Amino acid sequence: MKAVYPGSFDPVTYGHLDIIERAAAIFDELTVSVLNNKAKTALFSVEERVNLLKEATKHLPNVKVDCFSGLLIDYAKQNDIHVSVRGLRAVTDFEYELQIAQTNSKFSGGELDTIFLTTSLEFAYLSSSTVKEIASFGGDITETVPKFVAQKVYEKFGITERVEI
Ligand code: PNS
(Lines give C-alpha, C1' and ligand atoms only; values in the text may rest on other atoms or scores of the structure.)
Protein backbone atom coordinates (compact mmCIF):
# COMPACT_ATOMS: atom_id res chain seq x y z
CA MET A 1 0.00 0.00 0.00
CA LYS A 2 1.11 3.54 -0.80
CA ALA A 3 1.08 6.51 1.61
CA VAL A 4 1.96 10.18 1.54
CA TYR A 5 3.63 12.10 4.36
CA PRO A 6 2.83 15.76 3.64
CA GLY A 7 4.34 18.74 5.39
CA SER A 8 6.35 21.94 5.25
CA PHE A 9 9.67 20.30 6.20
CA ASP A 10 11.37 23.70 6.64
CA PRO A 11 13.76 22.00 7.29
CA VAL A 12 13.49 18.23 7.85
CA THR A 13 14.28 17.32 11.49
CA TYR A 14 15.08 14.09 13.32
CA GLY A 15 11.42 14.13 14.41
CA HIS A 16 10.31 13.95 10.75
CA LEU A 17 12.93 11.30 9.99
CA ASP A 18 11.64 9.18 12.87
CA ILE A 19 8.13 9.28 11.35
CA ILE A 20 9.50 8.65 7.82
CA GLU A 21 11.51 5.60 8.86
CA ARG A 22 8.62 4.08 10.80
CA ALA A 23 6.05 4.80 8.06
CA ALA A 24 8.41 3.35 5.43
CA ALA A 25 8.51 0.13 7.46
CA ILE A 26 4.70 -0.05 7.44
CA PHE A 27 3.86 0.98 3.86
CA ASP A 28 5.20 -0.46 0.57
CA GLU A 29 5.85 3.00 -0.79
CA LEU A 30 6.02 6.32 1.07
CA THR A 31 6.04 9.66 -0.72
CA VAL A 32 7.26 12.52 1.43
CA SER A 33 5.71 15.58 -0.19
CA VAL A 34 6.66 19.19 0.53
CA LEU A 35 3.79 21.66 0.44
CA ASN A 36 4.51 24.66 -1.79
CA ASN A 37 2.62 27.14 0.39
CA LYS A 38 2.84 30.65 -1.01
CA ALA A 39 1.01 32.06 2.01
CA LYS A 40 3.73 30.92 4.43
CA THR A 41 7.24 32.38 4.39
CA ALA A 42 9.81 29.64 4.57
CA LEU A 43 13.55 29.65 5.31
CA PHE A 44 14.25 27.18 2.51
CA SER A 45 12.79 27.11 -1.02
CA VAL A 46 10.70 24.09 -1.94
CA GLU A 47 13.56 22.82 -4.12
CA GLU A 48 16.02 23.13 -1.22
CA ARG A 49 13.64 21.33 1.14
CA VAL A 50 13.13 18.53 -1.40
CA ASN A 51 16.89 18.14 -1.83
CA LEU A 52 17.50 18.03 1.94
CA LEU A 53 14.80 15.36 2.28
CA LYS A 54 16.27 13.33 -0.61
CA GLU A 55 19.69 13.36 1.04
CA ALA A 56 18.23 12.49 4.47
CA THR A 57 16.18 9.55 3.12
CA LYS A 58 18.59 8.13 0.56
CA HIS A 59 19.07 5.00 2.72
CA LEU A 60 15.35 4.18 2.45
CA PRO A 61 14.63 2.50 -0.93
CA ASN A 62 10.83 2.74 -0.71
CA VAL A 63 10.77 6.47 0.08
CA LYS A 64 10.22 9.04 -2.67
CA VAL A 65 10.39 12.81 -2.21
CA ASP A 66 8.11 15.15 -4.12
CA CYS A 67 6.32 18.50 -3.75
CA PHE A 68 2.76 19.68 -4.24
CA SER A 69 0.68 22.81 -4.26
CA GLY A 70 -3.04 23.09 -3.71
CA LEU A 71 -5.10 20.55 -1.87
CA LEU A 72 -3.62 17.36 -0.48
CA ILE A 73 -6.71 15.39 -1.53
CA ASP A 74 -6.16 16.39 -5.19
CA TYR A 75 -2.48 15.45 -5.03
CA ALA A 76 -3.33 12.12 -3.42
CA LYS A 77 -5.96 11.36 -6.05
CA GLN A 78 -3.57 12.18 -8.92
CA ASN A 79 -1.04 9.79 -7.43
CA ASP A 80 -3.53 7.09 -6.46
CA ILE A 81 -2.67 7.41 -2.76
CA HIS A 82 -5.33 6.76 -0.13
CA VAL A 83 -3.43 7.21 3.13
CA SER A 84 -1.84 10.32 4.61
CA VAL A 85 0.64 9.91 7.45
CA ARG A 86 1.12 12.56 10.15
CA GLY A 87 3.12 12.61 13.34
CA LEU A 88 1.55 13.51 16.67
CA ARG A 89 3.90 14.96 19.25
CA ALA A 90 1.56 16.00 22.02
CA VAL A 91 -2.07 16.68 22.73
CA THR A 92 -1.52 20.24 21.45
CA ASP A 93 -1.10 18.83 17.92
CA PHE A 94 -4.28 16.83 18.16
CA GLU A 95 -7.00 19.41 17.54
CA TYR A 96 -5.30 20.80 14.44
CA GLU A 97 -4.49 17.36 13.07
CA LEU A 98 -7.99 16.03 13.74
CA GLN A 99 -9.47 18.95 11.81
CA ILE A 100 -7.18 18.41 8.80
CA ALA A 101 -7.81 14.65 8.83
CA GLN A 102 -11.58 15.05 9.03
CA THR A 103 -11.57 17.75 6.32
CA ASN A 104 -9.53 15.54 4.00
CA SER A 105 -11.77 12.56 4.66
CA LYS A 106 -14.95 14.56 4.07
CA PHE A 107 -13.79 16.39 0.93
CA SER A 108 -12.26 13.30 -0.64
CA GLY A 109 -15.49 11.37 -0.16
CA GLY A 110 -13.65 8.97 2.15
CA GLU A 111 -10.89 8.37 -0.41
CA LEU A 112 -8.10 9.81 1.77
CA ASP A 113 -7.64 8.48 5.27
CA THR A 114 -5.11 9.74 7.82
CA ILE A 115 -2.93 7.56 9.98
CA PHE A 116 -1.12 9.05 12.96
CA LEU A 117 2.20 7.88 14.30
CA THR A 118 3.12 9.14 17.74
CA THR A 119 6.50 10.80 17.68
CA SER A 120 9.19 8.99 19.65
CA LEU A 121 9.60 10.59 23.08
CA GLU A 122 13.12 11.84 22.42
CA PHE A 123 11.77 14.07 19.62
CA ALA A 124 8.50 15.12 21.26
CA TYR A 125 9.74 18.67 21.90
CA LEU A 126 11.12 19.19 18.43
CA SER A 127 9.78 21.36 15.61
CA SER A 128 11.30 23.01 12.55
CA SER A 129 10.37 26.39 14.08
CA THR A 130 12.38 25.79 17.26
CA VAL A 131 15.33 24.52 15.21
CA LYS A 132 15.31 27.78 13.21
CA GLU A 133 14.88 29.92 16.33
CA ILE A 134 17.79 28.26 18.15
CA ALA A 135 20.04 28.41 15.06
CA SER A 136 19.21 32.08 14.43
CA PHE A 137 20.74 32.91 17.83
CA GLY A 138 23.77 30.73 17.21
CA GLY A 139 22.56 27.84 19.41
CA ASP A 140 23.52 24.21 18.89
CA ILE A 141 21.05 22.33 16.64
CA THR A 142 23.25 19.33 15.88
CA GLU A 143 21.07 16.99 17.98
CA THR A 144 17.89 18.05 16.20
CA VAL A 145 18.73 17.73 12.49
CA PRO A 146 21.32 15.81 10.43
CA LYS A 147 24.71 17.54 10.17
CA PHE A 148 24.34 18.54 6.51
CA VAL A 149 20.96 20.12 7.32
CA ALA A 150 22.48 22.01 10.28
CA GLN A 151 25.16 23.43 7.96
CA LYS A 152 22.52 24.73 5.56
CA VAL A 153 20.45 26.24 8.38
CA TYR A 154 23.47 28.04 9.83
CA GLU A 155 24.41 29.27 6.33
CA LYS A 156 20.96 30.83 6.00
CA PHE A 157 21.59 32.78 9.20
CA GLY A 158 25.13 33.71 8.15
CA ILE A 159 26.71 31.54 10.85
CA THR A 160 29.78 29.70 9.60
CA GLU A 161 31.73 28.72 12.71
CA ARG A 162 29.21 26.26 14.23
CA VAL A 163 29.71 23.21 11.97
CA GLU A 164 32.91 22.34 10.11
CA ILE A 165 32.15 22.18 6.39
O1 PNS B 1 4.20 20.58 8.30
P2 PNS B 1 2.86 21.28 8.36
O3 PNS B 1 3.01 22.73 7.95
O4 PNS B 1 2.20 21.14 9.70
O5 PNS B 1 1.91 20.54 7.28
C6 PNS B 1 0.57 20.95 7.05
C7 PNS B 1 0.00 20.26 5.78
C8 PNS B 1 0.95 20.46 4.61
C9 PNS B 1 -0.18 18.80 6.03
C10 PNS B 1 -1.40 20.89 5.47
O11 PNS B 1 -1.32 22.27 5.60
C12 PNS B 1 -1.88 20.54 4.07
O13 PNS B 1 -2.12 19.40 3.73
N14 PNS B 1 -2.04 21.59 3.23
C15 PNS B 1 -2.45 21.45 1.85
C16 PNS B 1 -3.75 22.19 1.61
C17 PNS B 1 -4.93 21.33 2.00
O18 PNS B 1 -5.11 20.23 1.51
N19 PNS B 1 -5.78 21.86 2.89
C20 PNS B 1 -6.98 21.17 3.31
C21 PNS B 1 -6.81 20.49 4.65
S22 PNS B 1 -6.88 21.69 5.94
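For ligands, and for the atoms within them, numbers begin at 1 and follow the listed sequence. All values derive from a computational prediction rather than experimental measurement.
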Residue Lys64 excluded, over 12 heavy atoms near NZ under 6.0 Å: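 No.
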
Please state whether [X] comes within less than 4.0 angstrom of ligand 1, counting heavy atoms only.
{"X": "Gly70", "answer": "yes"}
{"X": "Arg86", "answer": "yes"}
{"X": "Phe9", "answer": "no"}

Decide yes or no for Leu60 and Ile20: does some side-chain heavy atom of the first lie under 4.5 Å from some side-chain heavy atom of the second? yes

Would you say the side chain of Phe44 lies within less than 4.5 Å of the side chain of Val34, judging by non-hydrogen atoms?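 With C-beta onward as the side chain, the pair stays apart.
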
If you have a sec, work out which protein heavy atom is nearest [atom] and how many Å separate them, to one decimal?
{"atom": "atom 14 (N) of ligand 1", "answer": "Leu35 CD2, 3.6 Å"}
{"atom": "atom 21 (C) of ligand 1", "answer": "Asn104 OD1, 3.6 Å"}
{"atom": "atom 22 (S) of ligand 1", "answer": "Ile100 CG1, 4.0 Å"}
{"atom": "atom 1 (O) of ligand 1", "answer": "Ser8 N, 2.9 Å"}

Would you say the side-chain atoms of [X] pair up with the backbone N or O of [Y], donor to acceptor, closer than 3.5 Å?
{"X": "Arg22", "Y": "Thr118", "result": "yes"}
{"X": "Arg89", "Y": "Phe123", "result": "no"}
{"X": "Asp93", "Y": "Leu88", "result": "no"}

Do the charged groups of Lys152 and Glu55 touch, with an N to O distance under 4.0 Å?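 Answer for the salt bridge query: no.
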
Cationic N near anionic O, under 4.0 Å, Glu111 to Lys77: no

Which part of Leu71 is near ligand 1, with near meaning a heavy atom under 4.0 Å away: side chain, backbone, both or neither? both

Ligand 1 versus Tyr96, non-hydrogen atoms closer than 4.0 Å: side chain, backbone, both, neither?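 Tyr96 to ligand 1: side-chain contact only, backbone stays beyond 4.0 Å.
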
Hey, is ligand 1 close enough to Thr103 that some N/O pair sits below 3.5 Å?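 No - when backbone and side-chain N and O of Thr103 are compared with those of ligand 1, no distance drops under 3.5 Å.
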
Purely on distance, is any nitrogen or oxygen of Glu97 under 3.5 Å from one on ligand 1? no

Nearest 0.5 Å, please: how far is CZ in Phe68 from CG in Asn36?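 Taking CG in Asn36 and CZ in Phe68, the distance rounds to 9.5 Å.
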
Contacting atoms of ligand 1, where contact means under 4.0 angstrom from a heavy atom of Leu72: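 By the 4.0 Å cutoff, the relevant atoms are 13 (O), 17 (C), 18 (O).
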
Give the numbers and elements of all ligand 1 atoms closer than 4.0 Å to a heavy atom of Lys40.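 The atoms of ligand 1 under 4.0 Å from a heavy atom of Lys40 are 3 (O).
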
